[in-house]
Amino acid sequence: MANNELVGIVGTGTMGSGIAQVAALNRKRVIAVDVQPQSLERAKASITDSLSRMVKKGAVSDSDAKDAIGRIQFSTDYADLAGADLLIEAATEAFELKRSILRKLAEIAGPESIIATNTSSLSVTLLAADVPDPTRFIGIHFFNPVPLMPLVEVVRGVATNDATSARAASFVGERGKTPIVVRNSPGFVVNRLLIPMINEAFFLLGEGVASAEEIDQGMKLGANHPIGPLALADLIGLDVCLAVMDVLLKDFGDGKYRAAPALRELVAAGRLGKKARRGVYLYE
């Protein structure tokens, strides 16, 4: 994709903001859309803060950071996305919400536009049913935090064609990320391996086998993981972890994917992790 091409992003939470930042920093024009003006304000503040930290670390220059913010247009109007070469849905991991967004994107997408979802576990093939040309629909699954994580899963639905897959992988590569192209399957590759491991850590915690600190220390020192599974759950968002487990259970019908009661209890209590300032751990 050329630098003058336009990337449209719907959803300006943690993932949407991160994708917008990465795209803009790599000289793409970006339009970020959300239905709530306050969400757009938070997204702009979050991106500005993230870029400021990168400047302080010497990762980017001050002028590049300012240019990146200048490339992002924040809007509540879907019509502003008309003409975008790549449209990315980055809303919360809720199937019906994503479907409603994709229907709106399908109405404004151009004949050559790619429509993508940033889903971490939902079926790309099922979501493709809401776009008129499923051959140009694909999953582009970034990982959190988007500016730092180098991997992106490019997920092909049943109808996704080779040209769409190649364009999506090219977009990812141009952002300095490493794409892996995977077939549509619940949880894809990474979350199918990772989230059940995190879920098992919640079983250990709920059964009192060890404290949260000891469980995390065990995996860090015993398995050489850079972060423990419970701290990672807080970073991902406990609600996201639970949603992925529920998708795996529903789609595979296998009881081994049953969510741990301790995980479900914390989500019910609103202890969603770092974004809520409290999850397994407390964040000041």
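Ring planes of H141 and F143: tilted class, angle from 30 to 60°.
The line from CG of L194 to CG of L232 is 5.5 Å long, rounded to the nearest 0.5 Å. The CG atom of D49 sits 9.5 Å away from atom CD of Q21, with the distance rounded to the nearest 0.5 Å.
Side chain of R278 to main chain of L282: no donor-acceptor pair is present (N/O by atom type, distance under 3.5 Å, no hydrogens or angles). Counting only distance, with no hydrogens or angles, the side chain of N118 and the backbone of F142 share a donor-acceptor pair below 3.5 Å. Side-chain atoms of D234 come within 3.5 Å of backbone N or O of Y281 as a donor-acceptor pair.
Between D34 and the options I9, T12, V10, a side-chain contact (heavy atoms from CB on, under 4.5 Å) holds for only T12. Checked options V22, V30, I69; the residue passing with I47 is I69 (criterion: side-chain contact (heavy atoms from CB on, under 4.5 Å)).
The closest side-chain donor-acceptor pair between S123 and T125, if any, does not fall under 3.5 angstrom. Side-chain contact of S100 with R103: a donor-acceptor pair under 3.5 Å is absent, judged by distance alone. A donor and an acceptor atom, one from each side chain of Y257 and D246, are nowhere located under 3.5 Å apart. Looking only at atom types and distance, the side chain of T135 has a donor-acceptor partner in the side chain of D133 under 3.5 Å away.
N224 CG: 12 or fewer foreign heavy atoms inside a 6.0 Å radius. By the neighbour-count criterion of 12 heavy atoms within 6.0 Å, atom CZ of R277 is sparsely surrounded, having that number or fewer from other residues, nucleotides or ligands.
Nearest heavy atom pair, residue A168 against residue V154, reads CB-CG1, 4.0 Å. What you find for D85 and E5 is that their closest heavy atoms are OD2-CB, 3.2 Å.
V124 and L97 fall within the same hydrophobic cluster, defined by Ile, Leu, Val, Met, Phe, Trp and Tyr side-chain heavy atoms under 4.5 Å apart, directly or through other members. Both V182 and L151 are members of a single hydrophobic cluster when ILVMFWY side chains are connected at heavy-atom separations under 4.5 Å. Grouping the Ile, Leu, Val, Met, Phe, Trp and Tyr side chains by contacts below 4.5 angstrom, directly or via other members, places V158 apart from I140. M219 and F203 sit in two unconnected hydrophobic clusters of ILVMFWY residues. Membership requires side-chain heavy atoms under 4.5 Å apart, directly or through other members. A single hydrophobic cluster is seen to contain both M149 and V190, as judged by linkage of ILVMFWY side chains at heavy-atom distances under 4.5 Å, directly or through other members.
Take K220 and apply the salt bridge (Lys or Arg N to Asp or Glu O under 4.0 Å) test, not counting sequence neighbours, and it matches no residue.
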Could you go through E96 and R99, starting from their C-alpha distance and side-chain angles, then the distance that decides it, and tell me whether this counts as salt bridge (charged side-chain N to carboxylate O under 4.0 Å, His left out)? CA-CA 5 Å; E96 290 303 325; R99 288 187 68 189; 3.6 Å; yes

Does the pair R136 and E112 meet the rule for a salt bridge (charged side-chain N to carboxylate O under 4.0 Å, His left out), with working shown? CA-CA 8 Å; R136 291 187 287 111; E112 301 298 324; 5.9 Å; no

